Amino acid sequence: MLTYLRANPDTRRGYAAQALAPFFGGMMISQINATVMRRYKTKRKVSPGTQARELAVFSAAIAWCNKELDWRLNNPVHGRMPPQTPHRLRWITNQQAADLLDAVGVRVPYLRDFITLGLNTGMRMGEMLKLEWSRVDLNEGVIYLSPKDQKDRRYGSVPINSQAREALLSRARFRADNCPDAKSVFVRRDGSRIASVKKGFAAACKKAGLENFHIHDLRHTCAAWLVQAGVPLRTVAEILRHKDIRTTMRYAHLAPDDARSGVAALEQAMQRSKNVVTDGKKVAKSVNN
């Protein structure tokens, strides 16, 4: 089972397999009972949401084996998923973003460009770190994503504004000066791809006084800024490539003026309806008389 899960180590399935292996590796499915599941939930020191995602992958693997291999496995995950928790929604203001970039300074230019790109495109960490120049079109102002490049395994594109463009140009100049044959956008001087920016990002957040702010929150911040600027939620969903508009609706409360306008429009519509009914009664009364 875990061999199947490890088939693609750089995907969500592979990451889940790495996390699940210490708890379930080498066991028969029939051995995975309530006690084993409780041990996983207790000792796996991550959020309930992360546990749920990992167990969902495990459950999907069992379902696949039952369907494709005609196995008859019981699914120990059923009924034992961690309780649902509210979606995390953390974003920062423009001033806080400026403070974060100032904290990075000029000593780590790739991190500054990474943060700028994330804030202005809403791209996920993996999408940025694995981004290659072959999918960047500065003339058209767009980044192209293939099914292997993004979470939902679909083709997509990301528009580039002026700040995102400047971040990419900064990386292009670095490439031209140090490693002109490098394929990836975020690379070291020798052309090797930068695999992680977590330590540098955490250090910059600490220096800027930002607590509980993670790399994925750059994406949340981009969404929050778009909604606050009056961009329609449907457009925000397209920019962030949300498969379900309900995901985008998490940011709806950040547009209070639009909400008030909507309530006012509803009130006006109700008033017009009331007037129509009143006028109708007057006409009916006149006819009857």
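Since we're looking at a predicted model, the values are computed, not measured.
- In the hydrophobic cluster analysis, where Ile, Leu, Val, Met, Phe, Trp and Tyr join through side-chain heavy atoms closer than 4.5 angstrom, F186 is grouped apart from Y144.
- Taking each heavy atom of C222 and N120 in turn, the nearest pair found is SG-C, 4.2 Å.
- Q51 pairs by the side-chain hydrogen bond (donor to acceptor under 3.5 Å, both in side chains) definition with nothing, not counting sequence neighbours.
- Applying the side-chain hydrogen bond (donor to acceptor under 3.5 Å, both in side chains) test to R188 and every residue at least two apart in sequence or in another chain returns nothing.
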- Check the pair R171 / D113 against salt bridge (Lys or Arg N to Asp or Glu O under 4.0 Å), numbers first and verdict last. CA-CA 7 Å; R171 290 297 87 209; D113 295 334; 2.8 Å; yes
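- The shortest side-chain heavy-atom distance between R234 and H242 does not fall under the 4.5 Å cut-off.
- Atom CD of E211 sits in a sparse spot, with 12 or fewer heavy atoms from other residues, nucleotides or ligands closer than 6.0 Å.
- F23 has its side chain within reach of R44: a pair of non-hydrogen atoms, C-beta onward, lies under 4.5 Å apart.
- When the side chains of ILVMFWY residues are joined at heavy-atom separations under 4.5 Å, either directly or via intervening members, I245 and V227 end up in two distinct hydrophobic clusters.
- Side-chain contact between I32 and F58 is present, with at least one heavy-atom pair separated by less than 4.5 Å.
- Heavy-atom minimum distance, L101 versus I115: CD2-CG2, 3.7 Å.
- Side-chain atoms of I92 and D217, non-hydrogen and from C-beta on, never get closer than 4.5 Å to each other.
- A97 approaches W225 most closely through the heavy-atom pair CB-CH2, 3.7 Å.
- Put simply, the side chain of P76 does not reach to within 4.5 Å of the side chain of N33, judged on heavy atoms.
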- Query: Are D70 and R72 close enough, and set up right, to give a salt bridge (Lys or Arg N to Asp or Glu O under 4.0 Å), and what steps lead you there?
  - Reply: CA-CA 7 Å; D70 202 27; R72 293 294 181 267; 2.9 Å; yes
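- With R112 contributing its side chain and V106 its backbone, the two residues share no donor-acceptor pair below 3.5 Å.
- By the neighbour-count criterion of 12 heavy atoms within 6.0 Å, atom CE of M27 is densely surrounded, having more than that number from other residues, nucleotides or ligands.
- If you take CZ on F114 and CG on L119, they are separated by 10.0 Å, rounding to the nearest 0.5 Å.
- In the hydrophobic cluster analysis, where Ile, Leu, Val, Met, Phe, Trp and Tyr join through side-chain heavy atoms closer than 4.5 angstrom, V104 is grouped together with I194.
- A 4.5 Å side-chain heavy-atom check between V185 and K183 finds every atom pair outside the cut-off.
- Of the inter-residue distances, the one linking T121 atom OG1 with M128 atom CE reads 6.0 Å to the nearest 0.5 angstrom.
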- Just do the side-chain contact (heavy atoms from CB on, under 4.5 Å) check on W64 and N66 with the steps written out, would you? CA-CA 5 Å; W64 182 90; N66 286 338; over 6 Å; no
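- Using modelled atom types, one side-chain atom of Q31 and one backbone atom of M28 make a donor-acceptor pair closer than 3.5 Å.
- Taking both residues in full, the closest heavy atoms of A204 and A103 are given as O-CB, 3.4 Å, listed atom of the first, atom of the second, then distance.
- In this structure, the side chains of C179 and R189 stay at 4.5 Å or more apart for every pair of heavy atoms.
- Between the side chain of R250 and the main chain of T247, a donor-acceptor pair closer than 3.5 Å is present.
- The shortest heavy-atom contact between A224 and Y251 is N-CD2, 4.3 Å.
- Between F174 and Y110, a ring centre-to-centre spacing not shorter than 6.0 Å is recorded.
- Under the 3.5 Å distance criterion, with hydrogens and angles disregarded, a donor-acceptor pair is assigned to the side chains of Y40 and E54.
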- Evaluate the side-chain contact (heavy atoms from CB on, under 4.5 Å) criterion for residues V158 and I239: first the C-alpha distance (whole Å), next the side-chain angles of each, then the deciding distance (0.1 Å), finally the verdict. CA-CA 6 Å; V158 182; I239 293 173; 5.7 Å; no
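- Considering SG of C205 and CZ of F213, their distance stands at 6.0 Å, rounded to 0.5 Å.
- For the residue pair T42/R39, the side-chain donor-acceptor check at 3.5 Å is not satisfied.
- The two residues V77 and L55 come nearest to each other via the heavy atoms CG1-O, 3.8 Å.
- Side chain of R175 to backbone of A182: a donor-acceptor contact under 3.5 angstrom is found.
- Connection of V142 to L131 is not established within any shared hydrophobic cluster, with ILVMFWY side chains joined at heavy-atom distances below 4.5 Å, either directly or through further cluster members.
- Judged by distance alone, with hydrogens and angles left aside, the side-chain atoms of R135 form no donor-acceptor pair with the main-chain N or O of L145 at under 3.5 Å.
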- Task: Test side-chain contact (heavy atoms from CB on, under 4.5 Å) on R219 and L240 and set out the steps.
- Result: CA-CA 8 Å; R219 180 173 170 84; L240 296 183; 3.7 Å; yes
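- The structure places CG of N75 at 4.0 Å from CD1 of I62, a figure rounded to the nearest 0.5 Å.
- Residues E127 and R124 are paired through a salt bridge, judged by an N-O separation under 4.0 Å between the basic side chain and the carboxylate.
- A distance of 8.0 Å separates CG in D102 from CD in Q95, rounded to the nearest 0.5 Å.
- No side-chain heavy atom of R80 sits under 4.5 Å from any side-chain heavy atom of R38.
- M37 and V46 fall into different hydrophobic clusters, defined by Ile, Leu, Val, Met, Phe, Trp and Tyr side-chain heavy atoms under 4.5 Å apart, directly or through other members.
- Here the straight-line distance linking atom OG of S157 with atom CD1 of I143 works out to 10.0 Å at 0.5 Å rounding.
- The main-chain N or O of V187 is never found under 3.5 Å from a side-chain atom of S184 such that the two would form a donor-acceptor pair.
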